[in-house]
Amino acid sequence: MKQKIGLMGGTFDPIHVGHLLTAEAVREQFGLHRVIFIPAAQPPHKQGRKVAPAYARLLMTEMAVAGNPHFTVSRIELQRSGPSYSVDTLRQLQDEHGHEAEFYFITGADAINELSTWHEAESLLGSCHFIAATRQGCALDLERLRREFGPELVSSHIHELPTPELEISSTDIRQRVSEGRSIKYLVTTEAEAYIYKEGLYS
Ligand code: ATP
Ligand code: MG
């Protein structure tokens, strides 16, 4: 049987319980063997904003997933220079794992709706699966995706998983820290302690 491996990419600046809960829900629902969290080096979509150092985002991510035997963290994008294109990451992982592995990118529906703007989008979609975590007010734009990639590719490679409404974002967490407000229960206790110890986002 093929190994089903979930890939959770993100800036993780910082990683929060929305990321963790979504990854676990997808793992369970889609019968994934494991989920690899992949902190992005130089986020192609987030140029212009100051991002916390890679080692800090990596460490917070490692601490956050430590308690889940199905979760691991990969430095694959941090070790590569230049922008972090998902298509390059996928090719590298396919080379490492051989063809007995099947990869599932886990992303918010908002990100998947913009898939056509990603580097080598069609080739990427053709060689892995996408799981769109949909939330209220954040639906999959199937009409747009079918128009851009064709209905067959979309129905066979893009899957939807409704997730609970979790109004949590890294943006909000950074804002809270800068205003001296609480981030308890939004991030793991280890990440919370690390953010204050390192003076991140203040
Ligand atoms: P920022 O506010 O800086 O954009 P973020 O909270 O969106 O950060 P990212 O690191 O950009 O976090 O997100 C990584 C992935 O996690 C993306 O695919 C994003 O859609 C998804 N994601 C982010 N927040 C949530 C959430 N609350 N529930 C489910 N998925 C989420
Ligand atoms: Mg975001």
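As the structure lists them, so they are numbered: ligands from 1, and atoms in each ligand from 1. When reading the values below, keep in mind they use all heavy atoms of this one structure, side chains included, and skip hydrogens, waters and symmetry mates.
- Contact annotation: for Thr107 versus ligand 1, heavy atoms closer than 4.0 Å belong to both the backbone and the side chain.
- Against a heavy-atom cut-off of under 4.0 Å, Arg174 is close to the following atoms of ligand 1: 3 (O).
- Scanning Asp172, Ile15, Thr22 for the heavy atom closest to atom 29 (C) of ligand 1 points to Thr22.
- Under 4.0 angstrom from ligand 1, the non-hydrogen atoms of Ser169 come from both its backbone and its side chain.
- Where the criterion is an N or O separation shorter than 3.5 Å, residue side chain and backbone included, Ala111 fails it with respect to ligand 1.
- Ring centroid separation for the pair His97 and Phe103 comes in under the 6.0 Å cut-off.
- Between Asp13 and ligand 1, a contact under 3.5 Å exists for no N or O pair.
- Between Arg91 and Asp95 no salt bridge is recorded (no basic side-chain N to carboxylate O distance below 4.0 Å).
- Neither the backbone nor the side chain of Glu167 has a heavy atom within less than 4.0 Å of ligand 1.
- For Asp141 (side chain) and Asn113 (main-chain N/O), no donor-acceptor pair under 3.5 Å exists by modelled atom type.
- Those atoms of ligand 1 with a heavy atom of Thr171 less than 4.0 angstrom away are 1 (P), 2 (O), 3 (O), 4 (O).
- Hydrophobic clustering, with ILVMFWY side chains joined whenever heavy atoms are under 4.5 angstrom apart, keeps Leu21 apart from Tyr185.
- Side-chain contact check for Ile173 versus Ile168: some heavy-atom pair is nearer than 4.5 Å.
- Every atom of ligand 1 is numbered from 1 in the order shown, and the set under 4.0 Å from a heavy atom of Gly10 is 10 (O), 14 (C).
- Ion pairing between a basic and an acidic side chain is recognised when a charged N comes within 4.0 Å of a carboxylate O; Arg27 and Glu24 show such pairing.
- Within the 4.0 Å heavy-atom cutoff, His16 counts among the residues contacting ligand 1.
- His159 and His129 have their aromatic ring centers within a separation under 6.0 angstrom.
- In terms of N/O distances under 3.5 Å, ligand 1 is not approached by Ile106.
- With 3.5 Å as the limit, one finds no donor-acceptor pair spanning the side chains of Arg181 and Gln175.
- Between Met8 and ligand 1, no N or O atom pair is found at a separation short of 3.5 Å.
- The pair Arg75-Glu62 meets the salt-bridge criterion, with a side-chain N (NZ, NE, NH1 or NH2) lying under 4.0 Å from an Asp/Glu carboxylate O.
- Ligand 1 has at least one atom lying under 4.0 Å from a heavy atom of Gly9.
- Close contacts between ligand 1 and Thr11 involve ligand atoms 10 (O) [criterion: under 4.0 Å to a heavy atom].
- Using a 4.0 Å cut-off between heavy atoms, Asp110 contacts ligand 1 through its side chain alone, with no backbone atom that close.
- In this pair, Phe130 and Phe105 present their aromatic rings parallel. The plane angle is below 30°, not in the 30 to 60° band.
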